[in-house]
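Letters go in sequence order (proteins before strands), and every chain restarts at 1. Predicted model, so just to flag it, every value in this text is computed and none were measured.
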2 protein chains.
Amino acid sequence: MRPHELTQLTALPLFSEMEEESLASLLDAALLQQFPTGVILIREGDHADFLHVLVEGLVEIFTEQNGVEWGISLVNPVSTFILAAVVSDQPYLNSARTLANSRILLIPAQRVRAIFDRDVAFARIVARELALAYRSSVKKLKGYMARSSVERLANWILAEARKDAAQGNIVVPFDRGTLASHIGTTRENLSRSLALLTDHGVRIRGREIVIDAKDQLEAFARPQRFIDDPTS
Amino acid sequence: MRPHELTQLTALPLFSEMEEESLASLLDAALLQQFPTGVILIREGDHADFLHVLVEGLVEIFTEQNGVEWGISLVNPVSTFILAAVVSDQPYLNSARTLANSRILLIPAQRVRAIFDRDVAFARIVARELALAYRSSVKKLKGYMARSSVERLANWILAEARKDAAQGNIVVPFDRGTLASHIGTTRENLSRSLALLTDHGVRIRGREIVIDAKDQLEAFARPQRFIDDPTS
DNA sequence: AAATGCGTTTGATAAATATCAAATACGCTG
DNA sequence: CAGCGTATTTGATATTTATCAAACGCATTT
């Protein structure tokens with residue numbers, strides 16, 4: 001493992017406060033692997049053998065129903081995924097694939113559970129991570145129940161712009177079909193929704209989305225603290 | 001606290017394996033309160049001061065958006081709710097109200113966090129509870145993305161029938177509007193959906209739903225392990 | 001530059017869902 | 001049991017979303 005990667009890992013909320021000994025034990029059993037774009041990492045129904053930590057790249061969590069794929073969440077570095085399956089020792093509810101070249105740390109699930117029992121600080125942080133994951137899932141559910149697909153899209157764009165900090169434009173790092181599956185609509189309707197947002201402060205340049213008038217987009221999207229604020 | 005209630009509490013997965021001393025400390029600080037139907041227990045945005053344990057009765061978790069209420073989940077005894085807000089020490093994402101006379105145990109959030117740090121068994125179980133809560137939220141999300149409202153209703157009926165074990169008929173313990181908000185539709189369309197299910201092995205008798213042909217209903221609903229099986 | 005292939009958009013239509021209005025059913029009170 | 005108020009269902013219509021088909025744009029190849 002490269003030195004700066006180790007630094008990134010120890011900086012992860014999940015690992016930051018734990019005992020050195022425990023961290024060493026986790027990383028000792030871990031494998032760091034590189035995957036190209038489009039690789040299926042996890043299949044719905046498989047047993048959770050490894051906790052995954054995305055060190056670099058991009059991963060999507062998705063499910064396939066009747067031949068159609070639906071996006072559950074997008075994972076950015078540096079963060080873990082499928083922690084819940086590892087903690088509850090149950091099969092994965094969803095599949096996962098890389099959407100870019102990715103480096104992923106694989107930690108044996110048993111080891112994670114063992115350290116959990118030994119290191120209170122780690123246990124606390126795992127619980128907090130799970131709580132936050134749960135909350136973000138509930139927020140997504142709220143978005144689905146109360147909003148139209150255009151509104152979901154508008155709020156997704158605002159959320160992306162917020163995290164890029166580059167403010168003003170974002171570049172979607174995957175195709176329209178994938179974006180549609182995460183917004184909860186079809187490719188065709190996503191296209192129409194994007195066209196519609198053109199009247200609300202947004203310009204579409206292929207995969208780039210330029211926000212010309214953030215206030216106008218916000219007036220349309222009406223973001224809410226307990227749905228769209230990731231820190232709440 | 002009545003003796004048989006104490007028994008119920010210690011039988012809760014959340015409390016079953018923990019040290020006696022820790023359990024005593026939790027219950028020592030706890031308040032057992034009785035609430036009539038329709039009482040708001042928790043308001044979205046409030047800070048999480050107490051872990052709630054529903055000992056008896058029925059509670060719904062819901063959110064209000066633009067004057068319309070949407071059901072997030074239904075809580076049956078004996079189980080906890082808003083554990084995630086307590087663990088992450090954050091404001092509630094949703095509101096909660098009683099849907100029946102209910103007895104609820106209120107445990108100060110600080111105390112829960114303190115015991116978490118002291119008792120590994122409790123910590124493990126809290127993490128598992130959170131993981132399960134997270135997974136059930138993801139399952140609900142999957143249901144929303146991949147199913148029509150009639151299908152959601154059909155699967156909800158099957159799930160209720162499964163847990164009642166009385167198999168064959170269920171009695172919905174609240175009004176149509178509330179049910180609609182949990183299925184993710186309107187009162188009017190819920191009514192039509194119920195009428196439609198009449199062709200698929202179900203009879204509607206006011207608040208009672210009689211399942212005449214479970215196989216027929218299942219053929220229509222097509223329940224899935226990783227959406228509808230609460231143990232997965 | 002023409003041809004090919006793939007992703008995306010646009011158009012037309014169908015299906016699902018929501019909304020508004022009215023009728024009906026139901027439970028409760030007097 | 002009649003009358004009243006509320007909950008529920010039914011009907012008509014509008015809106016949203018999905019589906020199928022075709023056109024377009026764009027990059028790469030020949």
Item to check | Closest-nucleotide ordering on DNA chain C, the 5'-leading residue of A:R192 and A:R207 | outcome: A:R207
Next on the checklist: Students often get this wrong, so: under 4.0 angstrom with heavy atoms, is B:N189 touching a base, only sugar-phosphate, or nothing?
Outcome noted: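 Base contact.
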Checklist entry - Heavy atoms under 4.0 Å, any strand shown: does B:T186 hit a base, just sugar-phosphate, or nothing? => result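 Here B:T186 touches the bases of the nucleic acid.
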Could you state the atom-to-atom distance from [atom1] of [X] to [atom2] of [N] in whole Å?
X	N	atom1	atom2	value
B:E188	D:dT13	CD	P	16 Å
A:R205	C:dT9	CZ	P	12 Å
B:M145	C:dA16	CE	P	20 Å
B:L179	D:dA7	CG	P	15 Å
A:F174	C:dC6	CZ	P	22 Å
B:L196	D:dG11	CG	P	14 Å
B:L190	C:dT17	CG	P	12 Å
B:N66	C:dA18	CG	C1'	14 Å

Next on the checklist: Quick check on C:dT17: is either OP1 or OP2 less than 4.0 Å from any side-chain nitrogen or oxygen of B:S149?
Outcome noted: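 So the side chain of B:S149 is within the cut-off, an N or O lying under 4.0 Å from OP1 or OP2 of C:dT17.
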Item to check | Presence of A:R176 side-chain N/O under 4.0 Å of C:dT9 phosphate oxygens OP1/OP2 | outcome: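 Answer is yes, contact under 4.0 Å.
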Give the nucleotide from the list [options] with an atom nearest to the side chain of [X].
X	options	value
B:T185	C:dA16, C:dT19, C:dA18	C:dA18
B:S191	C:dT9, D:dT17, D:dT10	D:dT10
A:D175	C:dA18, C:dT10, C:dT8	C:dT8

Checklist entry - Taking atom types as modelled, is there a side-chain donor on A:T63 or A:E44 under 3.5 Å from an acceptor on the other? => result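 Short answer, yes.
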Item to check | 5'-most by nearest nucleotide on DNA chain D - A:R147 or B:G206 | outcome: B:G206
[Y] side chain reached by [X] side chain, heavy atoms, under 4.5 Å:
X	Y	answer
A:R152	A:S149	yes
A:W156	A:I170	yes
B:V87	B:V126	yes

Checklist entry - Taking the inter-plane angle between the rings of B:H52 and B:F81 on a 0 to 90° scale, is it parallel (under 30°), tilted (30 to 60°) or perpendicular (over 60°)? => result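 The rings of B:H52 and B:F81 sit tilted, inter-plane angle from 30° to 60°.
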